[in-house]
Each structure stands twice: as structure tokens, then as C-alpha cells.
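Take a look at the structure set out below.
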Amino acid sequence: MEEKVLQNKKYGMPVLIVTTVLYLAAVAGCVIGGMMVADEESPVLLVVSIVWLCIGWIPYCGLRILKPQEALVLTLFGNYTGTLKEEGFYFINPFSSSVNPAASTRLHQSGDVEGSSAKSALAMALNGGKTETDVTGKKISLKIMTLNNNRQKINDCLGNPVEIGIAVMWRVVDTAKAVFHVDNYKEYLSLQCDTALRNIVRIYPYDVAPNVDTTGDGIADEGSLRGSSEVVAARIRDEIQARVEGAGLEVLEARITYLAYAPEIAAVMLQRQQASAVIDARKMIVDGAVGMVEMALDRLNENGVVELDEERKAAMVSNLLVVLCGDRAPQPVVNSGSLY
């Protein structure tokens with residue numbers, strides 16, 4: 001179904017003025033007509049005025065006001081007649097009805113969260129218990145909205161459960177598709193976000209892992225959820241856009257807002273990371289200690305300070321490595337005797 005934008009319906013103010021003037025004229029006609037009937041004259045003016053007072057409210061039902069970045073999808077007796085998109089004061093067929101199946105849907109997104117604040121309570125009291133959605137009718141927002149999808153527990157490519165949440169910036173670009181191609185475009189978008197997120201997260205490991213291909217080219221790379229968040233977010237955005245294209249929605253951006261190991265393995269993974277950090281630190285310490293021992297032996301040999309046999313060199317190397325690689329400060333022992 002193609003979207004039809006109605007451009008020639010901005011007659012709201014003239015219709016309002018004319019209808020109001022006719023109502024005032026009908027009131028005056030009732031007074032004058034009553035006087036004419038009392039004088040036994042023709043009752044036509046009185047009858048016409050009464051008929052207009054009974055049906056003259058119908059044009060008021062066709063008045064619509066649109067703010068910037070709002071749209072109204074119109075149907076007449078079940079047929080799609082067009083969409084109002086530009087801001088202004090419109091007059092449409094009074095028997096037309098507006099359609100928005102997602103008007104009462106509440107998701108965790110901007111402009112669509114029903115709260116219990118004092119402002120909401122006051123608005124409901126002034127509107128006779130109706131919410132703001134009931135007051136604004138079936139208008140569709142064309143603004144950029146942010147959908148903060150719920151966190152999900154998903155297994156990465158190594159089978160480790162991770163918790164991840166995303167925020168998606170989106171907007172409606174085709175109101176006809178959004179209303180008529182899917183049952184509820186907001187719930188449809190949320191479901192597609194969940195599905196796309198699972199499909200992409202299963203490709204990546206949480207952290208860099210060997211022999212993992214995340215690009216699909218058959219070559220192992222260093223892609224990961226933690227280190228390649230921009231690439232992962234872009235792939236999630238493209239996946240969602242491909243799924244919601246037929247619903248008239250445009251996904252502008254997707255961002256990862258939360259990423260962590262699932263609670264059942266978080267402690268184990270923390271120990272694993274700590275062990276890896278300790279091993280890397282020990283390796284660096286040992287490499288530095290070996291280099292320092294080699295430098296010490298070379299300097300002693302070059303300067304001829306002392307000549308050591310292989311057994312004494314081994315003992316010196318052992319002592320130096322213990323001093324340089326130990327966790328605690330060594331206790332010095334002073335040899336006051338001879339070397340041998």
C-alpha cells in the first residue's frame with residue numbers, strides 16, 4: 001500500500017468561522033421564526049433554524065489540528081483515503097476516522113512511557129480520567145524516538161551467557177505501511193530488535209578469543225563484543241533495518257547500553273581475567289629479571305670485577321632471580337667471610 005499525502009485540506013479556520021456564524025444565525029432565526037409563528041406567518045425559518053441546530057455540529061467533527069512532526073492516517077468506511085503530515089488546521093470528511101493501532105502501546109521508549117507523576121494525574125483529572133493518548137486521538141509521531149529495549153541473556157559464540165541491552169533510534173517514514181502492513185508497529189519493532197540482537201551477538205565472543213571468525217570471510221580475527229562495540233552496533237542496526245523496512249520504519253542508530261557476563265558465570269570469568277592478568281604480569285617480570293641477570297653477568301665479566309666459575313654463576317643467577325621475581329622484599333644476608 002502506497003502512502004498518499006493530503007495537501008489540500010487546510011480549510012479548518014474558514015469552516016470553523018462559517019459553521020459558528022451559521023449557528024449564531026440559526027439561534028437568531030429561531031427567535032425571529034418564533035415571533036413569525038406567533039404572528040401566524042410561515043414557520044419555514046423556524047424549521048430550518050431548528051434543523052441546523054440539530055445537525056450543524058457535524059462539521060465540527062471534521063476539524064483536525066496537527067503539530068509539527070505529527071501525522072494522521074485517515075480511512076472512510078474502511079477505505080484508506082490519505083495521510084495528513086504537515087502542521088496546520090485541517091477540515092476533513094466528518095465521517096472519516098483516524099487509525100493508529102499502536103496508540104495505546106507502552107514501551108520503554110521516549111515519549112511513550114506512562115508515568116504516575118503529578119502532571120499526569122492533573123492531566124487525567126482535567127480530561128475526565130482520560131490519558132493523554134485518548135486526548136490526542138490517533139496521531140502518529142514522526143519524531144525520532146529512542147527505544148530502550150530490555151536486557152537479554154544471550155550465549156555468545158563460545159557459549160558463554162552474557163547480558164546485553166541496546167538503545168535504538170527510529171522514526172516512522174511511511175505511515176500507510178506502519179499502520180496497515182503490521183498489526184502494531186511498536187511491538188513489531190521491539191520484537192525485531194530482540195531477534196536481530198540475538199543473531200548478531202551469537203557471532204561474537206565477549207572478549208577476544210583465538211580461532212574465531214566474526215566477519216564470515218573464513219579468516220580468524222580479533223572481533224569481540226567488548227572491543228568491537230561500534231562494529232557490533234552497526235551490524236545490529238543494519239539487521240533491524242532490513243527487518244522493519246516493510247513496516248515503514250527507519251532505524252537511524254543502534255547503541256549497546258549494557259554489556260556484562262551473566263551473574264551465574266560473572267565470578268568465574270572475573271577469576272579468569274585476574275588469572276590472565278597475573279600470568280601476563282609474571283611473564284613480564286620474569287623477562288625483565290632474566291635481562292637484568294644477563295646484563296649483570298656481562299658487566300662483571302667485562303670489567304673484570306670478579307671471576308666466577310659455573311657453579312658460582314648458577315648460584316648468583318638463582319639468588320638474583322629470587323630477589324627480582326619474589327612477591328615480597330628479600331631479607332639481605334651479608335657474607336663477612338671469603339668468597340670460597
Side-chain angles (χ1 to χ4, degrees), residues 1 3 5 64-75 78 80-85 87 96-154 164-199 236-237 239-258:
M1 181 175 291
E3 183 183 53
V5 180
R64 297 289 189 276
I65 298 177
L66 284 185
K67 301 176 184 177
Q69 296 298 317
E70 286 184 347
L72 205 61
V73 178
L74 303 175
T75 60
Y80 172 61
T81 57
T83 301
L84 302 177
K85 272 193 170 183
E87 67 273 13
S96 295
S97 58
S98 54
V99 182
N100 183 8
S104 59
T105 303
R106 292 291 178 264
L107 298 175
H108 297 287
Q109 63 182 11
S110 59
D112 198 28
V113 178
E114 185 177 2
S116 58
S117 61
K119 183 178 180 180
S120 299
L122 178 59
M124 291 180 64
L126 294 177
N127 296 321
K130 297 182 179 180
T131 60
E132 186 179 356
T133 304
D134 297 326
V135 176
T136 56
K138 302 294 184 177
K139 296 177 182 177
I140 298 177
S141 176
L142 302 179
K143 301 175 183 178
I144 298 175
M145 302 187 70
T146 303
L147 171 62
N148 189 12
N149 229 29
N150 295 327
R151 297 176 185 175
Q152 297 187 68
K153 184 184 294 185
I154 308 172
I164 185 170
I166 60 172
V168 178
M169 276 62 76
W170 66 281
R171 64 182 176 185
V172 177
V173 294
D174 193 314
T175 57
K177 290 182 179 180
V179 171
F180 299 112
H181 283 199
V182 294
D183 183 58
N184 188 319
Y185 62 89
K186 292 181 181 179
E187 292 181 353
Y188 180 79
L189 173 65
S190 180
L191 179 61
Q192 297 306 323
C193 288
D194 294 342
T195 305
L197 182 61
R198 288 185 177 274
N199 290 342
I236 293 174
R237 183 261 170 201
E239 180 83 7
I240 299 173
Q241 180 61 55
R243 293 174 177 270
V244 301
E245 188 74 30
L249 307 179
E250 180 185 7
V251 179
L252 302 176
E253 189 177 9
R255 291 292 178 183
I256 297 176
T257 57
Y258 181 84

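Numbering starts at 1 and runs along the sequence shown.
- In this structure, Ile65 CD1 and Glu87 CD are separated by 12.5 Å, a value rounded to the nearest 0.5 Å.
- For Lys85, the salt bridge (charged side-chain N to carboxylate O under 4.0 Å, His left out) partners two or more places apart in sequence, or in a different chain, are Glu3.
- Every residue two or more places apart in sequence or in another chain that forms a side chain to side chain donor-acceptor pair (under 3.5 Å) with Asp194 is listed here: Asn149, Gln152.
- Of all heavy-atom pairs spanning Leu142 and Val172, the tightest one is CD2-O, 3.7 Å.
- Scored by the salt bridge (charged side-chain N to carboxylate O under 4.0 Å, His left out) test, Lys143 finds no partners at all (sequence neighbours excluded).
- Shown here are the side chain to side chain contact (heavy atoms under 4.5 Å, CB included) partners of Glu245, two or more places apart in sequence or in another chain: Gln241.
- Applying the ring-ring contact (aromatic ring centres under 6.0 Å, His included) criterion to Tyr188, with sequence neighbours excluded, gives no partner residue.
- Residues meeting the side chain to side chain contact (heavy atoms under 4.5 Å, CB included) test with Arg243, sequence neighbours left out: Gln192, Thr195, Ala196, Asn199, Glu239.
- Remark: Trp170 CH2 to Ile144 CD1 distance equals 11.5 Å, nearest 0.5 Å.
- Every residue two or more places apart in sequence or in another chain that forms a salt bridge (charged side-chain N to carboxylate O under 4.0 Å, His left out) with Glu250 is listed here: Arg171.
- Listed by chain and number, the residues in a side chain to side chain donor-acceptor pair (under 3.5 Å) with Ser97 are Thr75 (sequence neighbours excluded).
- For the side-chain contact (heavy atoms from CB on, under 4.5 Å) with Ile140, the lone residue among Val73, Thr83, Leu72 that qualifies is Val73.
- Annotation: salt bridge (charged side-chain N to carboxylate O under 4.0 Å, His left out) contacts of Arg255 (sequence neighbours excluded): Glu230, Glu253.
- Side-chain contact between Leu189 and Ile240 is present, with heavy atoms from C-beta onward closer than 4.5 Å.
- Interatomic distance, CD1 of Ile166 versus OH of Tyr258, reported as 15.5 Å (0.5 Å rounding).
- Here the NZ atom belonging to Lys139 is positioned 5.5 Å from the CG atom belonging to Leu66, to the nearest 0.5 angstrom.
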